[in-house]
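Each remark here refers to the structure printed beneath this line.
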Amino acid sequence: MFIVFEEVDRSNMEYFQIACGIAAVVLAIYYYYKSIYNTWKSRGIPGPKPTFLLGNFVNIVIRKQSMSDKVREWYDEFKHEPVFGIFQGTSPALVINDLDMVKDVLIRDFSSFVNRGFRTFPKVEPMAQNLFTLESEKWRTMRTKLSPIFTSGKLKEMFSLIVECAENFDKHLAKTVGNGEPVEFHDLAAKFTTDVIGSCAFGINMNALKDENSEFRQMGRKISAPSVKRTLKESCKEFTPWLYERIGHLLEPKEMNDFFTNIITGSMKYRRENNVIRPDFVHLLMELQDHPDKLNNIELTDSLLTAQALVFFVAGFETSSSTIAHALYELAQHQDIQDKLREEIKEVTKENIENLTYNDMKEMKYLDMVFKETLRKYPLLPMLPRQAVENYTFRGTKLTIPKGTNVWIPVIGIQRDPNIYPEPEVFDPERFTEEAVAARHPMSYLPFGDGPRNCIGARFAHYQTKIGIITVISNYKVVVCEKTRIPFESNSNTFLLRSKDGVNLKIERV
């Protein structure tokens, strides 16, 4: 009997010890994360209160709020502070409002913030090794080698190809006018920009305007369309990177990766076998492959080459199509601005839009103002991420951040700040007269970033987007209809700024 009681006591003691061990682990985890979440408070830096594990991203993770709206909310609350702190999950990030400090990060002390700070997993997601996410020396090398495709000379060579795609765009619009139905311009503009990227970058007729079932357009939709799998991937990658490193391959879009890899490798093989030379992005990748000695020991795998092409494809069609749609959305609500723009187009082109030239674009000053005001009000990337590659003390302050600290620049907050742009919700191209621009801080307008790591394809985006706008406005009038969502609401399912239900407008021949 005594032996039985002794064994029961021993068993209870073991359970008690296990319970104490679990409690100790839980307390240790609690105090560890509590110390992390006190990072900014302990240094006297204000910021929104974080939630355990998800930090300040709860509403974004559950798709209740878009990244653009969240960044604006944070900025509006703390814009009177030079900086404030947030938490990306459990990682502290410093948001910079002071425009002089922004200039330090992007330009003056760029070498201290060369990285964007994105978590990448080369073995799990090979397509993530692109110019947008590469870091330090790999980024410097690839940027140097890819920049030649975006010179003025190359853009002039591509210009006629963009105009050719615009002619097909115009034919499609002529058919659309006939049915009298509202048009969703984001999707329509994406077909145009997909064709442009296909022609200018890859030498391929993607046929997105003529063929509703074009493979390239289908892939473009898959890239930007929200899905459960994509949400799981992004959340796992951001909040449980240790788990993503183990299961991330199961969340990769294999079909899309294989499609673009086959396109790029197949195109390069065909050109080599048939001695095809074309001044485009694929040719540049072929030159990199032929001279690997100039790449500082970067291994040029098919995946790495395809990753560079894929990010150019995504950035080229998605950002420009959104900007075209947003510009038309505003022009439909402001017929006076639309009429003034149409008059400029007719005056510069002598009413012969088919002969649009590279130099014509430079003469369209009002078009440039409309373009810039569109990106002022609707910056596609709501914030610019950077990461300190060394301990850094901000100029003129006692604020020092350790190596590895993520830094955010709240672009949409800055560009909709009424102290910088009075009545920021009003669409007013006159904000971008030479005099008005000169009177503002140079860091108050950052849709393409600034400094050495600005958008490599910014000039290409300028021309592609403007030609798209010209094609619509020169011969057609866009007007609001019963399906037009006013005021604008952002889509909480996408990272880039997009309209909740698309941009639905009616189109009439002038």
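Throughout, numbering of the chain's residues begins at 1 and tracks the sequence. What you see is a predicted model, and the numbers here were worked out from it, not measured in a lab.
For Arg108, the salt bridge (charged side-chain N to carboxylate O under 4.0 Å, His left out) partners two or more places apart in sequence, or in a different chain, are Asp104. For Tyr378, the ring pair (Phe, Tyr, Trp, His ring centres under 6.0 Å) partners at least two apart in sequence or on another chain are His326, Phe488. With sequence neighbours left out, the ring pair (Phe, Tyr, Trp, His ring centres under 6.0 Å) criterion links Tyr392 to Phe113, Phe394. Applying the side-chain contact (heavy atoms from CB on, under 4.5 Å) test to Ser303 and every residue at least two apart in sequence or in another chain returns Pro126, Thr301.
A 4.5 Å side-chain heavy-atom check between Val196 and Phe460 finds at least one atom pair inside the cut-off.
Note on residues 47-58: no pairs pass side-chain hydrogen bond (donor to acceptor under 3.5 Å, both in side chains), not counting sequence neighbours.
Arg431 and Glu373 are joined by a salt bridge, as a carboxylate oxygen and a charged side-chain nitrogen come within less than 4.0 angstrom of each other. The pair Glu252-Lys233 meets the salt-bridge criterion, with a side-chain N (NZ, NE, NH1 or NH2) lying under 4.0 Å from an Asp/Glu carboxylate O.
In this structure, Phe57 has its ring center closer than 6.0 angstrom to the ring center of Trp74.
At most 12 heavy atoms of other shown residues, nucleotides or ligands fall within 6.0 angstrom of atom CD in Glu423.
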Which donor-acceptor pairs under 3.5 Å do the side chains of residues 75-84 make with protein atoms, sequence neighbours left out?
| residue | atom | partner | partner atom | Å |
| --- | --- | --- | --- | --- |
| Tyr75 | OH | Asp417 | OD2 | 2.6 |

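Atom-to-atom distance recorded for Leu209:CG and Cys165:SG is 8.0 Å, nearest 0.5 angstrom.
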